[in-house]
Peer 1: 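So that we are looking at the same thing, I have put the structure below in structure tokens.
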Amino acid sequence: MAGTDDSREAERRILAQVRSIPAGQVAGYGEVARRAGLPGRARWVARLLSANTHADLPWHRVLRSDGRVAFPEGSAGYREQCRRLRAEGVRVEQGRVRGQRAAPSVDEQVWGPA
DNA sequence: CTGATGACTGTGA
DNA sequence: TTCACAGCCATCA
């Protein structure tokens, strides 16, 4: 069961990062992993979200690096995610998020997040 | 150990 | 923008 202390700590930090995403904003899987100090663990983040669909976890604010929903169009998860995002004022079209960016801009990488 | 799987990512055509 | 492909990583059979 991957119940090592290290992995539990890593999971905790990832989930903490997801919860730290403000309403109306979005973040990428890889970005969340990077901010949690776990670069390259984007898929791990995705797996965690699928195993932790809690009400207090804003999993819907996590998108792919393209800024698109990570679910196949038409699936239950896809519709639920779009619905929740729009409820927070996020503009979603064709499974894509407009007005917000999933990946940090070059400026953010150089100068750091605002 | 090997191979398959997945809410991923970057690169190239 | 789209699609295909390879790379990546934890988990499971």
Peer 1: Whole-Å distance between B:dA7 C1' and A:R83 CZ?
Peer 2: 17 Å

Peer 1: If we only count heavy atoms from C-beta on, is the A:Q17 to A:R13 side-chain gap below 4.5 Å?
Peer 2: no

Peer 1: Counting only N and O atoms by type, is there a donor-acceptor contact under 3.5 Å from the side chain of A:E73 to the main-chain atoms of A:R79?
Peer 2: no

Peer 1: Could you tell me the separation between the CD atom of A:E11 and the C1' atom of C:dC9, rounded to a whole number of Å?
Peer 2: 14 Å

Peer 1: Consider the side chain of A:F71, meaning its heavy atoms from C-beta on, and name the nucleotide among C:dT2, B:dA7, B:dT9 that approaches it most closely.
Peer 2: B:dA7

Peer 1: Ignoring backbone atoms, establish whether A:R68 has a side-chain N or O less than 4.0 Å from OP1 or OP2 of C:dT2.
Peer 2: yes

Peer 1: In this structure, how many angstroms lie between the C1' atom of B:dA7 and the CD1 atom of A:I21, rounded?
Peer 2: 13 Å

Peer 1: OP1, OP2 of B:dG10 versus side-chain N and O of A:S65: anything below 4.0 Å?
Peer 2: yes

Peer 1: Under 4.0 Å between any heavy atoms, over every strand shown, what does A:G77 touch: base, sugar-phosphate, or nothing? Just pick one.
Peer 2: nothing

Peer 1: How long is the span from the CG atom in A:L38 to the CD atom in A:E11, to the nearest 0.5 Å?
Peer 2: 10.5 Å

Peer 1: Rounded to whole angstrom, note down the C1' distance from B:dA7 over to C:dA13.
Peer 2: 22 Å

Peer 1: Rounded to the nearest Å, what distance is computed from the CZ atom of residue A:R43 to the C1' atom of nucleotide B:dG10?
Peer 2: 13 Å

Peer 1: A:Y29 OH to B:dC8 C1': how many Å, rounded?
Peer 2: 8 Å

Peer 1: C:dT11 P sits how many Å from A:D6 CG, rounded?
Peer 2: 12 Å

Peer 1: Using every non-hydrogen atom in the two residues, find where A:Y29 and A:R64 come nearest and quote the distance to one decimal.
Peer 2: CE1-N, 3.7 Å

Peer 1: Quickly work out the A:W44 CH2 to B:dC8 C1' distance and round it to whole Å.
Peer 2: 15 Å

Peer 1: From C:dA10, C:dT2, B:dA7, pick the nucleotide closest to the side chain of A:R41?
Peer 2: C:dA10

Peer 1: Rounded to whole angstroms, how far apart are CG on A:L48 and C1' on B:dC8?
Peer 2: 13 Å

Peer 1: Below 4.0 angstrom from OP1 or OP2 of C:dT11, is there any side-chain N or O of A:R47?
Peer 2: yes

Peer 1: Determine whether more than 12 heavy atoms belonging to other residues, nucleotides or ligands lie under 6.0 Å from atom CD of A:Q94.
Peer 2: no

Peer 1: If you check the A:A42 side chain, which of C:dT2, C:dA10, B:dT9 turns out closest?
Peer 2: B:dT9

